[in-house]
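Take a look at the structure below.
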Amino acid sequence: MIHKELADMKLRSIVIFFLGAGLFFFVAPFHRLTLEMLNEYTQLENMPKLLERFVPKNFVERLSDWSFYIYTQWFGKNLGQFVPILAIIIAFPLFARETENGTMEFLLTRSSRKKVFWSKSCIAIAVLTVEMLVFSLLPGIYSLLASKDLKYELLGAYTIHTLVGALFWFTLTMLFSVVYDDQVKPILTAVGILASSTVIGIFKPLRFMNTYSYILGSKIISTGKMDVIYTVSLLTVIAVILLSSYAIFLKKEF
């Protein structure tokens, strides 16, 4: 069972790993080049007002600080934007593919429902956790090797935000993978909820719906601390969704 799950996830895991690593090395080594380009734009007399609005001069000055640059451009932009998508990609075929291909019945004849569910979900969670940890720790490793001055005390907070955010979207998508009998509906439903919750989160009373604000570390960059309340809330929701998926799987007819 374990070998089968690892084999099924091998291609996705490898692609995600090289995509994430490639993205990081597209961001980190070009710190100086990014600053030079932005300085050129901000010094233009006829600088477009739209660009001036999104790239204020004080922001460019702050980007000269390596810690601010790597935390805002890696966690707060590149990796952060992809975290929910990567989690959805890992989770959507987990159970739906077995049901769609008619292999779920075969699995259940060899193992109990409990073993099938927890084997598949735990292995996928382990793979996702390793991927997110690697992507989160890359700035620290790179900074150490390149002799960059990084505020390592913030790295733990960003890592937790990244990991918890990924686990939330993973478990939510896995729930749809259990419920639906084909692989298309789980990914469409999860992406639809991601898009709608992000839009709804624009409104102040519903800001908590926008998990991107949490994953990107908006509160960390402004306060220097992890968002404990939101983290605990998400962990609670993750546990509820995971147990709900398990209960549905136990009773579902295949």
Side chains of Asn78 and Phe26 in contact at under 4.5 Å (non-hydrogen atoms): no

Whether Tyr158 and Tyr71 hold their rings parallel, tilted or perpendicular, with breakpoints at 30° and 60°: parallel

pair Ile241-Phe170: side-chain heavy atoms closer than 4.5 Å: no

Side-chain H-bond candidate by donor/acceptor type, Tyr214 with Thr231, under 3.5 Å: yes

Member of Phe92, Trp169, Phe95 meeting the side chain to side chain contact (heavy atoms under 4.5 Å, CB included) criterion with Met174: Phe95

More than 12 heavy atoms of other groups within 6.0 Å of Glu153 CD: yes

Phe24-Leu133 co-clustered via ILVMFWY side chain contacts under 4.5 Å: no

Expected output: side-chain His161 to main-chain Asp227 donor-acceptor under 3.5 Å: yes

Test item: Ile193 and Phe176 side chains (from C-beta on) under 4.5 Å apart, heavy atoms: yes

Polar side-chain atom of Thr103 near backbone of Phe106 as donor-acceptor pair, under 3.5 Å: no

same_hphob_cluster(Phe168, Val199) at 4.5 Å side-chain heavy-atom cutoff: no

Side chain to side chain contact (heavy atoms under 4.5 Å, CB included) evaluation trace for Leu86 with Glu131: CA-CA 10 Å; Leu86 298 180; Glu131 299 265 19; over 6 Å; no

For the student: nearest non-hydrogen atoms of Asp149 and Trp66, plus distance: O-CD1, 3.6 Å

Heavy-atom neighbours of Lys185 NZ exceed 12 at 6.0 Å: no

CG-CD1 distance between Leu150 and Ile141, expressed to the nearest 0.5 angstrom: 11.5 Å

Atom pair CE (Met226) and CD1 (Ile160), whose distance is rounded to the nearest 0.5 Å: 4.5 Å

For Phe75, the option from Ile220, Thr162, Leu154, Val83 that meets side chain to side chain contact (heavy atoms under 4.5 Å, CB included): Thr162

Residues which pass salt bridge (charged side-chain N to carboxylate O under 4.0 Å, His left out) with Asp181, listed by chain and number, not counting sequence neighbours: Lys252

Aromatic plane relationship, Phe135 with Phe17 - under 30° parallel, 30 to 60° tilted, over 60° perpendicular: parallel

Phe82 and Leu23: CA distance, side-chain angles, deciding distance, side chain to side chain contact (heavy atoms under 4.5 Å, CB included) verdict: CA-CA 10 Å; Phe82 283 102; Leu23 186 62; 3.9 Å; yes

Path from Ile14 to Ile85 over hydrophobic side-chain contacts below 4.5 Å: yes

Same apolar cluster: Leu243 and Ile125, side chain cutoff 4.5 Å: no

Separation between CD1 of Ile187 and CG of Leu194, rounded to the nearest 0.5 Å: 11.0 Å

Taking every non-hydrogen atom, the tightest pair across Val184 and Asp182: N-OD1, 3.0 Å

Full working for side chain to side chain contact (heavy atoms under 4.5 Å, CB included) between Phe117 and Ile248: CA-CA 11 Å; Phe117 179 86; Ile248 294 172; over 6 Å; no

N/O donor-acceptor pair under 3.5 Å between Ser213 side chain and Phe208 backbone: no

OG1-CG distance between Thr211 and Leu216, expressed to the nearest 0.5 angstrom: 9.0 Å

Trp74 and Leu79, any side-chain heavy atoms less than 4.5 Å apart: yes

Separation between OG of Ser119 and NZ of Lys114, rounded to the nearest 0.5 Å: 11.0 Å

Val240 with Trp118, same ILVMFWY side-chain cluster at under 4.5 Å: no

Side-chain (Lys120) to main-chain (Leu94) donor-acceptor, under 3.5 angstrom: yes

Smallest separation among heavy atoms of Ala166 and Leu128, with atom names: O-CD2, 3.7 Å

Interatomic distance, Asn210 atom CG to Ile215 atom CD1 [nearest 0.5 angstrom]: 8.5 Å

Trace of the side chain to side chain contact (heavy atoms under 4.5 Å, CB included) decision for Ser233 with Val237: CA-CA 6 Å; Ser233 300; Val237 174; 5.6 Å; no

Contacts of type salt bridge (charged side-chain N to carboxylate O under 4.0 Å, His left out), residue Lys151, not counting sequence neighbours: none

Short side-chain to backbone donor-acceptor contact, Tyr212 and Gln81, under 3.5 Å: yes

